[in-house]
Amino acid sequence: MGSFPVTTTEFLNPLDHEEFRKQAHLVVDFLADYYKNIEKYLVCSQVKPGFLTDTLPDSAPTQPQPLEAILQDVQNHIIPGLTHWQSPGFFAYFQSNGSTANFLGEMLLTGFNTVGFNWLASPAATELEIVVMEWLLKLLQLPKSFSFSSEGGGVIHGSTCESFVCTLVSARQKKMNRIDSSKRDSTNLWSNLVVYCSDQTHFSFQKASQIVGINPNNVRVVQTTKSMNFQLCPNALLKLIKADVRAGLVPLYLCLTVGTTPTTAVDPLGILCEVAKQFDMWAHVDAAYAGSACICPEFRHFLDGVEGATSFSFNPHKWLLTSLDCCCLWVKDRSDLTKALATDPELLKNYKENEYSKKVVDYKDWQIALSRRFRSMKLWMVMKSYGVSGLREFIRRHVKMAQHFEALLFRDKRFEVVVPRNFATVCFRIAPLSESSTEEDVNRLNKKLLESLNGTGDVYMTHAVVENIFVIRVAIGATLTEEKHVNMLWDMVQKHANALLGSKELES
């Protein structure tokens, strides 16, 4: 069972339905066992560079191999090199949730293997995407201007960086079209375009700006401060923009963040969108991590002011039980995307032009690539399987655990919660031991603490440096994480801090 033909003289049917049934069951059993035993693995892989390239054959096998042997290779060679993002001890970066419903959705979308570049290529793929994007819009209480019922609409991209690229290109095209062609040529508009963000904005924004051809010298990074909880300051932004305008430059695009990567800071959307409007700039809100939390009414206020934005995106593949890749983007005017990204080859004019053309969405014109996966299937499966109540409870459970961990830190005077916790990520450090402690000494101590904790293999966390302060980030949100794992982490933090500080017992 589970073996392909072993000789090339036999007919090889790569999609025999009975063979598929047998082998799919083997893979499901393999993954079920993996999750059953996931806590036995070191959370962060400890392998050395070359561990796999030096071990596996340097040529592909000539003859087919049975699935049992392949899965044994996965167990022996692949798993040791995995960092286990689904481990309950994974507190690094931001989570990348998995769920049974998502896996089943992935099986369906992979099994159907549609390529829904335009409506007719697979009408269900297009229309299900419209449906789930409208569901999410209502769940997030986004303004009607982002809806298909208005001039807007939503699309599922692969990543935030892709959404950055598409909106940057659209903003650039829109700006170019608004400026008289003779003036455009004389002022060399292209090289004068300027984009703005904060020093907490995800680094993929600068990458996207580079991809679309923004002069690196024209990417303005506004410095943030701990005193303002690392929010983008409207006055500092306005000062930069006015200086650029006086210098003959053209403000193009402002990137705002709800839930920054280093500290989950939230920019004040309303006033910043007003600044962008004053200078006819595209305002994009990136809520990649925190957008999922905003389906809960108690967190929705973090999106106040989004009605002034031109576009908005968040990643269900972080915290909404939907695996990579799934980034949801909404725009106020869908023609902004299609004017900048549309293609119209004769080959794809395969529906009744007069009857259908103005009624359908061709998502190929909303993204970079022509081809696209049926991503809405897995998102639809998740939303159907867990419902709004289940998804909200999932988010709230992680926030409650983060509140618990934060409270433990507050009770111990040797630790400092560096920034206020907004969602389920806690940024902490061992506080300065005395007034004479230098920032370098404190940073060095906390770096040793993080290395010591990660070195156990039982947990994995990452860090950030804000205003020259080294902070340890505890991002709680892995699907399998429970309060007992948070308590285990706290016990470990105390034990390893004790060892570093030379005391036998921390105050509690």
* Can you tell me how far CG of L238 sits from CZ of F279, rounded to the nearest 0.5 angstrom? -> 5.5 Å
* side chain to side chain donor-acceptor pair (under 3.5 Å) pairs, two or more places apart, involving residues 226-236 -> T225-S227
* **C327 backbone acceptor or donor facing H157 side chain under 3.5 Å** => no
* Asked: Is a side-chain donor or acceptor of R429 paired with a backbone partner of A431 at a separation under 3.5 angstrom?
  -> no
* Verify the ring-centre separation between W380 and F374: is it less than 6.0 angstrom? => no
* Is any side-chain heavy atom of T261 closer than 4.5 Å to a side-chain heavy atom of F203? -> no
* By side chain to side chain contact (heavy atoms under 4.5 Å, CB included) - contacts of I368 (at least two apart) -> E162, V165, C166
* Asked: Which distance, rounded to the nearest 0.5 Å, do you find between the CD of Q95 and the OG1 of T425?
  -> 6.5 Å
* Nearest-0.5 Å distance that lies between atom CD in Q403 and atom NE2 in H398 -> 13.0 Å
* Donor-acceptor side-chain pairing of E134 and S147 below 3.5 angstrom -> yes
* Quick one: closest heavy-atom pair of F302 and L269, and the distance? => O-CD1, 3.9 Å
* Contact check, side chains of T263 and V418, non-hydrogen atoms, under 4.5 Å -> no
* To do: With sequence neighbours excluded, tell me which residues meet ring-ring contact (aromatic ring centres under 6.0 Å, His included) with F90.
  => W85, Y460
* Do the side-chain N and O atoms of N102 and E106 include a donor-acceptor pair separated by under 3.5 angstrom? -> no
* Asked: CD of Q210: more than 12 outside heavy atoms within 6.0 angstrom?
  -> no
* Asked: Given L237, which of V222, I271, L256 fulfils the side chain to side chain contact (heavy atoms under 4.5 Å, CB included) condition?
  -> V222
* To do: Sequence neighbours left out, what passes ring-ring contact (aromatic ring centres under 6.0 Å, His included) with H284? Give chain and number order.
  => F164
* Using 30° and 60° as the class limits, which term best fits the ring planes of F428 and F405: parallel, tilted or perpendicular? -> perpendicular
* Asked: Roughly how far, to the nearest 0.5 Å, is OG of S323 from CG of N97?
  -> 9.5 Å
* Nearest atoms (heavy-atom pairs only) where A478 meets S87 -> CB-O, 3.5 Å
* **Under 3.5 Å donor-acceptor, T462 side chain and Y93 backbone** => yes
* **Expected output: side-chain E406 to main-chain V417 donor-acceptor under 3.5 Å** => no
* Quick one: closest heavy-atom pair of W330 and F146, and the distance? => CD1-O, 3.5 Å
* **Heavy-atom pair of closest approach, residues T479 and R397** => O-NH2, 3.8 Å
* Point-to-point distance, once rounded to the nearest 0.5 Å, from SG of C197 to CG of D267 -> 10.0 Å
* Asked: Do the non-hydrogen side-chain atoms of N218 and L193 ever get within less than 4.5 Å of each other?
  -> no
* Identify the two heavy atoms, one from S45 and one from G81, that lie closest to each other, and give their separation to 0.1 Å. => OG-CA, 3.4 Å
* To do: Verify, without hydrogens or angle tests, whether R372 (side chain) and K364 (backbone) share a donor-acceptor contact under 3.5 angstrom.
  => no
* **Other residues, nucleotides, ligands: >12 heavy atoms within 6.0 Å of M107 CE** => no
* Less than 4.0 Å between a side-chain N and a carboxylate O, is that true for E298 and K400? -> no
* Would you find a donor on one side and an acceptor on the other, under 3.5 Å apart, between the side chain of E467 and the backbone of I469? -> no
* Asked: Is any side-chain heavy atom of K318 closer than 4.5 Å to a side-chain heavy atom of S292?
  -> no
* For I472, does its backbone N or O pair with a side-chain atom of N446 as donor and acceptor, under 3.5 Å? -> no
* Describe, in one word, how the ring planes of F148 and Y363 are oriented to each other, choosing from parallel (under 30°), tilted (30 to 60°) and perpendicular (over 60°). => perpendicular
* Do T310 and Y253 meet the criterion of a side-chain donor-acceptor pair at a distance under 3.5 Å? -> no
* **From CA spacing to verdict: side-chain contact (heavy atoms from CB on, under 4.5 Å), L136, L320** => CA-CA 11 Å; L136 282 170; L320 208 63; 4.2 Å; yes
* Could you walk me through whether D280 and R178 pass the side-chain contact (heavy atoms from CB on, under 4.5 Å) check? -> CA-CA 11 Å; D280 192 28; R178 285 181 176 177; 2.5 Å; yes
* Please identify each residue that fulfils ring-ring contact (aromatic ring centres under 6.0 Å, His included) with Y386, with sequence neighbours left out. => none
* Aromatic contact, W319 with F299 (centres under 6.0 Å) -> no
* Asked: Do you see a donor-acceptor pair shorter than 3.5 Å between the side chains of D199 and T224?
  -> yes
* Heavy-atom side-chain contact between C328 and L379 under 4.5 Å -> yes
* Asked: Does a side-chain heavy-atom distance below 4.5 Å link W366 with L329?
  -> no
* **Sidechain-backbone polar pair: R396 side chain, C296 backbone, donor-acceptor under 3.5 Å** => no
* **side-chain contact (heavy atoms from CB on, under 4.5 Å) between D336 and W282, worked out** => CA-CA 11 Å; D336 287 341; W282 185 293; 3.6 Å; yes
* Distance from M381 atom CE to L108 atom CG, nearest 0.5 Å? -> 5.5 Å
* Can any side-chain N or O of S209 pair as donor or acceptor with the backbone N or O of F205 at less than 3.5 Å? -> yes
* Structure fact -> Closest non-hydrogen atoms of V285 and A309, given as atom of the first, atom of the second and distance, are CG2-CB, 3.7 Å
* Does a donor on one side chain sit under 3.5 Å from an acceptor on the other, for H485 and E39? -> yes
* Asked: Is it true that D333 and K174 have a side-chain N and a carboxylate O under 4.0 angstrom from each other?
  -> no
* To do: Give a yes or no on whether the backbone of L249 and the side-chain of D244 come within a donor-acceptor separation of less than 3.5 Å.
  => no
* To do: Would you check if there is a donor-acceptor pair between the side chains of T201 and D286 at a distance under 3.5 Å?
  => no
* **Check: M133 and V155 side chains under 4.5 Å, non-hydrogen atoms** => no
* To do: Test H496 against T456 for side-chain contact (heavy atoms from CB on, under 4.5 Å), laying out the working first.
  => CA-CA 10 Å; H496 287 255; T456 67; 3.6 Å; yes
* Asked: Who are the ring-ring contact (aromatic ring centres under 6.0 Å, His included) partners of H84, not counting sequence neighbours?
  -> Y34, Y41
* Asked: Below 4.5 Å, heavy atoms only, C-beta onward: do K484 and M488 meet side chain to side chain?
  -> no
